[in-house]
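Owing to the predicted nature of the structure, the values given are computational and were not obtained by experimental measurement. In what follows, every chain begins at residue 1, and chains take the letters A, B, ... in the order their sequences are listed.
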2 protein chains.
Amino acid sequence: MNNQQAIKEKPAIKDKPVIKAKQVTNRGEEDYIKAIYKLSDEAEGDRVTNHQLVTYFAHTAQTVNEMVRKLEKKKILVYQPYKGSLLTALGKDEAVRLIRAHRIWETFLTEKLGYAWEEVHEEAEMLEHLTSSKLADKLYAFLGAPTVCPHGNYIPVLSDMNRDDLDTCGRLKLSKAKKGKQYCLKGVVDDKALLVYLNGLAIYIDLCFTIIERDLISDIVTLAYGGRNTSLSGAVAQKLFVCEVYDAEDNT
Amino acid sequence: MNNQQAIKEKPAIKDKPVIKAKQVTNRGEEDYIKAIYKLSDEAEGDRVTNHQLVTYFAHTAQTVNEMVRKLEKKKILVYQPYKGSLLTALGKDEAVRLIRAHRIWETFLTEKLGYAWEEVHEEAEMLEHLTSSKLADKLYAFLGAPTVCPHGNYIPVLSDMNRDDLDTCGRLKLSKAKKGKQYCLKGVVDDKALLVYLNGLAIYIDLCFTIIERDLISDIVTLAYGGRNTSLSGAVAQKLFVCEVYDAEDNT
DNA sequence: ATATATTTTAAGGTTAACCATAAAAATTCA
DNA sequence: TGAATTTTTATGGTTAACCTTAAAATATAT
């Protein structure tokens with residue numbers, strides 16, 4: 001027995017490959033970080049409750065609790081039972097890093113590979129998790145330092161890493177737009193069903209239109225563009241971001 | 001108790017996001033498939049023994065056995081105890097799909113993003129596992145249907161999916177080259193240390209040189225190119241693939 | 001201020017991909 | 001052919017990310 005040990009101890013280390021897998025799949029944790037970042041924009045008080053995560057991921061309360069506690073230990077967030085989670089600076093950096101990678105990939109896939117805007121989310125969702133800063137930066141430069149992704153959402157750069165609202169900044173929700181005025185579509189929420197719906201209506205980024213009707217009872221906005229009128233529900237209008245357009249003849 | 005059940009059964013399904021992670025990390029299995037494919041090129045009789053996998057991955061015999069049995073159940077290989085594993089057509093297709101994705105990514109990273117040839121392996125190693133056929137095909141087209149990766153190795157296309165020797169086909173190992181003849185470097189093994197070494201010697205794909213010495217005792221080849229002479233060990237020469245070059249004046 | 005509802009968490013389970021130890025089986029070699 | 005060596009596999013363990021059930025703690029609404 002002792003003998004066998006002795007023999008086993010010297011299995012001549014040949015200079016063979018010896019492949020080791022590395023940082024395999026932070027996927028779970030990273031998805032939680034992104035979710036908390038995203039949900040905190042919409043939620044009141046910035047704190048994201050476990051309940052929100054339960055419905056977002058369709059995980060059990062137990063699972064959400066475990067993940068949140070784990071991220072808390074890693075200093076990625078602070079958690080108050082019954083109150084919710086708040087990302088630390090570390091957590092926010094991580095979230096922004098992921099969102100940046102996500103949007104860079106989306107831009108690459110549409111601009112360079114000819115994907116449609118409703119096809120890129122899933123691919124980017126996977127690729128973002130294995131995108132080093134080096135890769136992100138090189139891709140970004142290759143794309144010509146774009147400011148927005150195919151859905152019109154800002155691609156954060158290091159200087160605005162901690163800006164809170166990456167999605168609406170400088171723009172207006174269409175649901176807040178005013179009758180009679182002219183707007184230009186600058187961003188949409190990255191939601192496949194919505195994107196396909198907009199395709200059918202020939203609505204895309206940079207489209208300009210006039211609001212010809214805004215019914216507050218039915219919560220419907222009606223736009224005029226390209227010789228047609230289209231009515232959108234409040235639910236849709238809330239997912240579109242616009243900038244006001246000033247006509248040449250319309251001074252101020 | 002029964003009561004509680006009844007209440008719990010109707011947690012009104014809201015139309016909230018409900019994000020589900022999918023096909024998470026076949027990484028382990030896929031690495032085994034690739035390893036078996038690669039090792040079967042070098043090994044005698046095509047079969048890859050568990051022992052080869054043990055040294056390749058630095059996993060235990062038990063782990064290798066489990067993985068092999070699992071892949072066997074999935075019809076990816078046939079395994080004979082004490083003999084080794086042989087990929088099925090399904091397994092080979094899978095391996096080639098991965099190698100194709102790997103080499104396409106390597107090409108993208110060097111050609112489009114300016115990576116050095118010794119930097120691309122690790123990135124490609126991760127990206128290949130989440131590359132759909134659609135993505136691979138679009139990338140491939142974007143790159144202009146390249147035939148080889150930055151290391152000069154063939155990028156398989158569907159038509160040669162089952163070709164056995166993707167790495168040496170049509171080419172010669174430098175270690176088999178003859179004194180006095182002229183050759184062109186067409187491929188090198190994708191091994192970081194080797195690539196960095198070659199950088200230092202200004203040796204790269206498509207470099208042409210003449211073999212001015214070939215010492216069989218010391219197993220050293222000496223090349224002349226760009227006004228310099230360089231001696232390479234047999235270990236290195238075995239990892240370089242060349243084609244013979246015929247001078248204009250040297251008929252036949 | 002309590003009763004009800006909701007949120008948290010303890011306890012224990014599952015699967016995948018790894019590990020170690022050691023017994024059983026097959027191969028190889030003398 | 002038997003002994004030595006190698007290969008395989010049974011048993012049992014670990015961690016991460018999920019699960020269920022049910023108890024404990026807190027919040028809310030009357």
Side-chain angles (χ1 to χ4, degrees), chain A residues 1-12 18-33 35 43-45 47-74 76-77 79-85 129, chain B residues 1-12 14 18-33 35 43 45 47-74 76-77 79-85 129:
Chain A
M1 240 162 187
N2 206 341
N3 189 15
Q4 285 182 348
Q5 271 290 77
I7 289 167
K8 274 204 166 178
E9 269 171 34
K10 35 175 174 173
V18 180
I19 304 305
K20 272 284 182 189
K22 51 205 75 166
Q23 191 235 4
V24 181
T25 243
N26 278 7
R27 186 77 202 257
E29 284 179 24
E30 290 184 349
D31 283 342
Y32 268 76
I33 295 171
E44 59 290 339
R47 276 213 203 78
V48 177
T49 65
N50 284 7
H51 179 70
Q52 283 180 282
L53 294 168
V54 163
T55 66
Y56 185 77
F57 284 116
H59 286 172
T60 61
Q62 178 61 8
T63 297
V64 167
N65 194 244
E66 281 169 18
M67 291 299 277
V68 163
R69 291 302 194 176
K70 185 197 296 185
L71 293 175
E72 192 189 23
K73 245 174 223 155
K74 293 194 175 183
I76 280 163
L77 52 79
Y79 171 64
Q80 278 198 295
Y82 300 95
K83 295 300 166 79
S85 299
H129 295 285
Chain B
M1 243 165 185
N2 206 341
N3 191 14
Q4 286 181 344
Q5 272 291 76
I7 289 166
K8 275 205 166 178
E9 272 173 32
K10 35 176 175 173
K14 302 154 198 166
V18 180
I19 304 304
K20 273 283 182 188
K22 51 205 75 167
Q23 193 232 4
V24 182
T25 243
N26 278 8
R27 186 75 202 257
E29 283 178 25
E30 290 184 349
D31 283 342
Y32 268 75
I33 295 170
R47 275 212 202 78
V48 177
T49 65
N50 284 6
H51 178 70
Q52 282 180 283
L53 294 168
V54 163
T55 67
Y56 185 78
F57 285 116
H59 285 173
T60 62
Q62 178 59 11
T63 297
V64 167
N65 194 244
E66 282 169 17
M67 291 300 275
V68 164
R69 290 303 193 175
K70 187 199 295 187
L71 293 174
E72 192 189 24
K73 246 174 222 156
K74 292 193 176 184
I76 281 164
L77 53 80
Y79 170 65
Q80 277 196 294
Y82 301 94
K83 296 300 168 79
S85 300
H129 296 285

Subject >> Between C1' of dC19(C) and CE of M67(B), the distance in whole Å >> reply: 14 Å
Subject >> Whole-Å distance separating the OH atom of Y79(B) from the P atom of dA26(C) >> reply: 12 Å
**OP:** For Y79(A), enumerate each residue passing the side chain to side chain donor-acceptor pair (under 3.5 Å) test, keeping only those at least two apart in sequence or located in another chain.
**Re:** N50(A)
Subject >> Sequence-distant partners of Q80(B), side chain to side chain contact (heavy atoms under 4.5 Å, CB included), two or more places apart >> reply: R47(B), K83(B)
Subject >> Heavy-atom donor-acceptor pair, Q52(B) side chain to T49(B) backbone, under 3.5 Å >> reply: yes
Original post:
By salt bridge (Lys or Arg N to Asp or Glu O under 4.0 Å), which residues pair with E72(B), not counting sequence neighbours?
Top reply: R69(B)
Original post:
Tell me: CG of N26(B) to P of dA16(C), nearest whole Å?
Top reply: 11 Å
Subject >> Nucleotide dA26(C), atom C1' - distance to NE2 of H51(B) in whole Å >> reply: 16 Å
Can you tabulate the close N/O pairs, meaning under 3.5 Å, that link protein atoms to atoms of nucleotides 28-30 of chain C?
none

**OP:** Report yes if the side chains of V64(B) and F57(B) come closer than 4.5 Å at any heavy-atom pair, otherwise no.
**Re:** no
Using atom names, set out every protein N or O paired with an N or O of nucleotides 12-14 of chain D below 3.5 Å, distance rounded to 0.1 Å.
none

Original post:
When the distance from CD of Q80(A) to P of dT9(C) is rounded to whole Å, what number comes out?
Top reply: 12 Å
Original post:
Separation of R69(A) atom CZ from dA10(C) atom P, in whole Å?
Top reply: 8 Å
Original post:
Which distance, rounded to the nearest 0.5 Å, do you find between the CG of L71(A) and the CD1 of I33(A)?
Top reply: 5.5 Å
Pull out every protein N or O sitting under 3.5 Å from an N or O of nucleotides 26-30 of chain D, one pair per line with the distance.
unit_1	atom_1	unit_2	atom_2	d
dT26(D)	O4'	Y82(A)	OH	3.3

Original post:
CG of N65(B) versus C1' of dA16(C): gap in Å, rounded?
Top reply: 16 Å
Original post:
Counting side-chain heavy atoms from C-beta on, which of dT8(C), dC19(C), dT8(D) comes nearest to N50(B)?
Top reply: dT8(D)
Subject >> V68(A) vs L53(A) side-chain heavy atoms within contact, under 4.5 Å >> reply: yes
**OP:** Please state how far atom CD in E72(A) lies from atom C1' in dT8(C), giving the value in whole angstrom units.
**Re:** 13 Å
**OP:** Would you check if there is a donor-acceptor pair between the side chains of Y32(A) and H59(A) at a distance under 3.5 Å?
**Re:** yes
Original post:
Sub-3.5 Å donor-acceptor pair from the side chain of E29(A) to the main-chain atoms of N26(A), do we have one?
Top reply: no
**OP:** Ignoring the backbone of H59(B), work out which of dC19(C), dT9(C), dC19(D) is nearest its side chain.
**Re:** dC19(C)
Subject >> Nearest-0.5 Å distance, NE2 of residue H129(B) to CD of residue E30(B) >> reply: 5.5 Å
